[in-house]
Amino acid sequence: MQQQQSHDATPVTAVRVRSLFFASYRDLVGAEEIEIELPAGSTVAELVAIVRARPGADALPDAPVVAVNHEYVPAETVLRDGDEVAFIPPVAGG
Amino acid sequence: MQQQQSHDATPVTAVRVRSLFFASYRDLVGAEEIEIELPAGSTVAELVAIVRARPGADALPDAPVVAVNHEYVPAETVLRDGDEVAFIPPVAGG
Amino acid sequence: MFCLITSDPIDPGDIMSRVRSDADGAIVLFCGVVRDHDAGRPVVGLRYEAHEAMAREKLEQISADVASRFEIGDIAVVHRVGDLSVGEVSVAIAVAAPHRDAAYKASREVIERLKREVPIWKRERYADGDEAWLDGQVPDTASDG
Amino acid sequence: MFCLITSDPIDPGDIMSRVRSDADGAIVLFCGVVRDHDAGRPVVGLRYEAHEAMAREKLEQISADVASRFEIGDIAVVHRVGDLSVGEVSVAIAVAAPHRDAAYKASREVIERLKREVPIWKRERYADGDEAWLDGQVPDTASDG
């Protein structure tokens, strides 16, 4: 599936996204979920920088693997209002 | 496991073996099992020739795969008294 | 196709019955089981955690992709989450196919991709009372987009 | 190790439970199933016949040999004989191993060798009432002696 990256036609000045943290990342960040507001046009990389500025969260990788709305996306992906942004630690299923 | 091919120390003039026929070979030979007596020192190949002389059994291969006492053996294997000689059609398990 | 993340015990027989059809001559079932050691250290149990909605979608994507590349009938994948004891099934993958070669290959492909792509994590509980998230692998994100 | 030729229906769950131990993290189960066609011809059932004593010994030899060449815990193989309907399990092979790679490889090796070496035959019953012994393969006798 293609991650939709275009904006709505309506201009917005800010977007709110839900950041989710799992497993070891949840332990580092100290939260399962954080709502964060960013300027419209912000990227995943910019969200990561905001999250890493929290106490303890600087132990997250500079460029963690991130999934937006359940699809892995590159750091330059532009966030849309309402996106779910999951920080994905190295996986160990099976 | 090594197929034992040596004779008993006691001299014998004849050996009796049980020949078993399965699946399509049973249909050709018209029997599941035949007791056959051969001169001592006879080989599997010689037993095969005797069997193939029976009515209908000439449709068996010249050199069918044979197992003596549950182990595949070459045609030159010498038979011992009491051997079970199974004529093994092409296999199709699974 | 049947993909599930569940906290209930996995019944491998049920998973197999979901894939079989009269056209299939082979079923390969893979079960991952909690074992009593890891890297030489005694393990008493595991806790699996998942991004459940995303994990199910990834399993569906992987299954659909594998089904399109091998001549198989159907695939079912179930992964357990929560606390598991030694001997419990953590994942079951059933593949039915007309012929065995495709069933084996597709089964292997599903488990390898599951381990590389699906957001599931594993916390080991050791005999000495210690616990730790298992070192995983950085997910392979190439199959997206 | 558990090898059996049986005229009773095969219970794959039972076969799996025979191989599992707490040291094993992977179980691969292969089931051969009677399918409804062969080479494009509708099949209603199969009759399997075996040299039962020899077949069991061959399965034991194959299992022991495969167990010696792969890092596995245990192997169980059960092959059905008699009349089977479409959908019934004709053969089940379970392999448990500490790691999945060995379990998959050993499982595959057992079924391939079973098909080449074990004295079992198959008679197909077709939808049109015809019956025929299936063309098999000349057994690979090289592993003996």
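Just so it is clear: chains get the letters A, B, ... in the order the sequence lines come, proteins before strands, and each one is counted from 1. Worth knowing before you read on, the calculation uses all heavy atoms, side chains too, and leaves out hydrogens, waters and symmetry mates.
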Contact summary for [X] and [Y], nearest pair of heavy atoms:
X	Y	answer
D:K115	B:V91	O-CG2, 3.3 Å
B:H70	D:A53	CE1-CB, 3.5 Å
D:P139	B:P90	CD-CA, 4.1 Å
B:I88	D:W121	CG2-CZ2, 3.8 Å

Just so I know, are the side chains of B:L20 and D:M54 near enough to count as touching, which here means a heavy-atom distance under 4.5 Å? no
Does a side-chain heavy-atom distance below 4.5 Å link D:P119 with B:F22? no
How about [X]: does its [atom1] atom have over 12 heavy atoms from other parts shown lying under 6.0 Å from it?
X	atom1	result
D:E71	CD	no
D:D135	CG	no
D:K105	NZ	no
B:E32	CD	no

Looking at B:A92, is its backbone amide N or carbonyl O close enough to the side chain of D:Y48 to form a donor-acceptor pair, meaning the two atoms are under 3.5 Å apart? no
Which bit of [X] is near chain B, if near means a heavy-atom gap under 4.5 Å: side chain, backbone, both or neither?
X	result
D:A132	neither
D:V118	backbone
D:Q137	both

Throw together a table of side-chain donor-acceptor distances under 3.5 angstrom for residues 53-67 of chain B, partners on residues two or more places apart or in other chains.
residue: B:D62; atom: OD1; partner: B:R52; partner atom: NH1; Å: 3.2
residue: B:D62; atom: OD1; partner: B:R52; partner atom: NH2; Å: 3.4

In short, ring-ring contact (aromatic ring centres under 6.0 Å, His included) pairs touching residues 74-94 of chain B with sequence neighbours left out are B:F21-B:F87
Using heavy atoms and a sub-4.5 Å threshold, report which of residues 16-43 of chain D line up against chain B, by residue number. none
For chain B, find its close neighbours in residues 78-93 of chain D: heavy-atom separation under 4.5 Å, sorted by number, or none. D:H79, D:S90, D:V91
So how far is it from D:W133 CH2 to B:Y25 OH, rounded to the nearest 0.5 Å? 13.0 Å
Using only heavy-atom distances, determine whether the side chains of D:H51 and B:E84 contain a donor-acceptor pair under 3.5 Å. yes
